[in-house]
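A short write-up of the structure that comes next.
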Protein chains: 2
Amino acid sequence: MSEPTPRPSRTQQRIETQERILSAAGRLFAALGYDRTTIRAVAAAAQVDAGLVMHYFGSKEQLFAQATKTETPLVTGETPEEVAEQLLGILRQSLIEEPIASLAALRSMLTHPDAAAEVGNAHAERVKVSKAIPGVDGNLRAAVVSAILIGVVLGRHLVKLDELADADPDEIVELLRPAVLSLTKADRPE
Amino acid sequence: MSEPTPRPSRTQQRIETQERILSAAGRLFAALGYDRTTIRAVAAAAQVDAGLVMHYFGSKEQLFAQATKTETPLVTGETPEEVAEQLLGILRQSLIEEPIASLAALRSMLTHPDAAAEVGNAHAERVKVSKAIPGVDGNLRAAVVSAILIGVVLGRHLVKLDELADADPDEIVELLRPAVLSLTKADRPE
DNA sequence: TCCTTCATTCAACGGATGTAGAACGGTTCA
DNA sequence: TGAACCGTTCTACATCCGTTGAATGAAGGA
């Protein structure tokens, strides 16, 4: 599959370089977090000079913003059971692969305000499902589920807690199904 | 309540200063994490020169180690129900107060190896309860519970996810009881 | 009182980092 | 072919950090 309009080699080259930088930045941010990731290190990993990174992305903050940009999957379920299954599906996907951009934001959320905001937004997006979670405490229930998902993904990919890191993703999902269901289903009157 | 043996004022003064430094360090590490906490900032918060911090604690690493030192509460329950209640009790306590030393370690666990090790140990301690959790997957179940607790405490005190930060601790505990119980009780044959 | 001890401060070094701007060299196009 | 363009590198600056070692001055003991 080739480019429809084969761009002049200069533009082409530039785009490839930018992607190489962005990819290296994502990997480093995910592995080390915002503070310990150096522009020089990103440049080296992308086999490029540090000045070029600045030239393309303006600042470290903007580079981070681009590298962690990701669209949050929507949860559209209408019943508690549907919502639970969708959330478990998102979790499963996050356990199987290593979502670099998300991991970069997660890794930095405790020490970099922008990253915390990013994670907070994804969280808020997930909390919106509370419309489908009955009970006066729908918001809180949704938030607890969200915190659980964050904790499990964190434990598996970033802190690498032994048992979680090695376990079969499906097994983890199965274990969490009752827990998530107990939270999406209200046990108190509306 | 006065000192049993009123120490000479010099020693007394030194101990008070050390405690002041340690307290300031704990607060700053918990608020900013390891990297963003500066020895100079700790010194300023303790109204002391930076050199003195080095003189007493040797290095930033050692200061962090002292400031995050904490004994993990033991879980001794023998039945799944007992274990669940004890874990929920620990969670409840961590939601009500702000355990500075633990929060300092948690805040830094994603970016500082030593902090990750510290949290990993507390986690491992909690996983030991898997002897009381039936099923071939006892270890994994215990690890999942541990990850859940971390996620919730993190969300409340550090990331400050709106709904979690404001909620009544007891309400959160009540919401999590079925979830935790579903994990400490096996639903598969041994 | 004099000397020692020691809690504390001061000044400085070496290294790393984000960032800015000049310089270079190949590509593109008239 | 020559000039403008631009992707890229080089050099440098200002700042901040952990850490060190000498200096200071008050307290304690003989």
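Proteins come first, then strands; the chains are lettered A, B, ... in the order of their sequence lines, and each starts at number 1.
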Polar atom pairs (N or O), protein with nucleotides 19-21 of chain C, under 3.5 Å:
unit_1, atom_1, unit_2, atom_2, d
C:dT19, OP2, A:K60, N, 2.9

B:R36 and A:T111 side chains, donor-acceptor separation under 3.5 Å: no
Presence of A:T17 side-chain N/O under 4.0 Å of D:dT8 phosphate oxygens OP1/OP2: yes
Inter-axis angle, terminal five-pair segments of the helix from C:dT1-D:dA30 to C:dA30-D:dT1 [nearest 10°]: 10°
Under-4.0 Å salt bridge between A:K131 and A:E78: no
Length of the line joining A:H55:NE2 and D:dC10:P, which is rounded to integer Å: 16 Å
Separation of atom OH in B:Y56 from atom P in D:dT19, rounded to whole Å: 18 Å
Short side-chain donor-acceptor distance under 3.5 Å, B:E163 and A:H123: yes
Hey, what are the protein-to-nucleotides 22-24 of chain D N/O distances that come in under 3.5 Å?
none

Phosphate contact (D:dG28 OP1 or OP2) by B:S9 side-chain N/O below 4.0 Å: yes
Cluster overlap A:I150 with B:L95, hydrophobic side-chain contacts below 4.5 Å: yes
Nucleotide C:dT5, atom P - distance to CD of B:Q12 in whole Å: 23 Å
B:E85/B:R177 salt bridge by N-O under 4.0 Å criterion: yes
Exercise: do A:Q66 and A:Q62 side chains pair donor with acceptor under 3.5 Å: no
Rounded distance (Å) that lies between atom C1' of D:dG18 and atom CZ of B:R36: 18 Å
Atom-to-atom span, CD of B:Q47 to P of C:dT9 - whole angstrom: 10 Å
Neighbour count above 12 (heavy atom, 6.0 Å) for B:E16 CD: yes
Hphob cluster co-occupancy, A:I100 + A:L158, side-chain heavy atoms under 4.5 angstrom: no
Separation of A:T17 OG1 from A:Q12 CD (nearest 0.5 Å): 10.5 Å
Interatomic distance, B:R14 CZ vs C:dT5 C1' [rounded to whole Å]: 12 Å
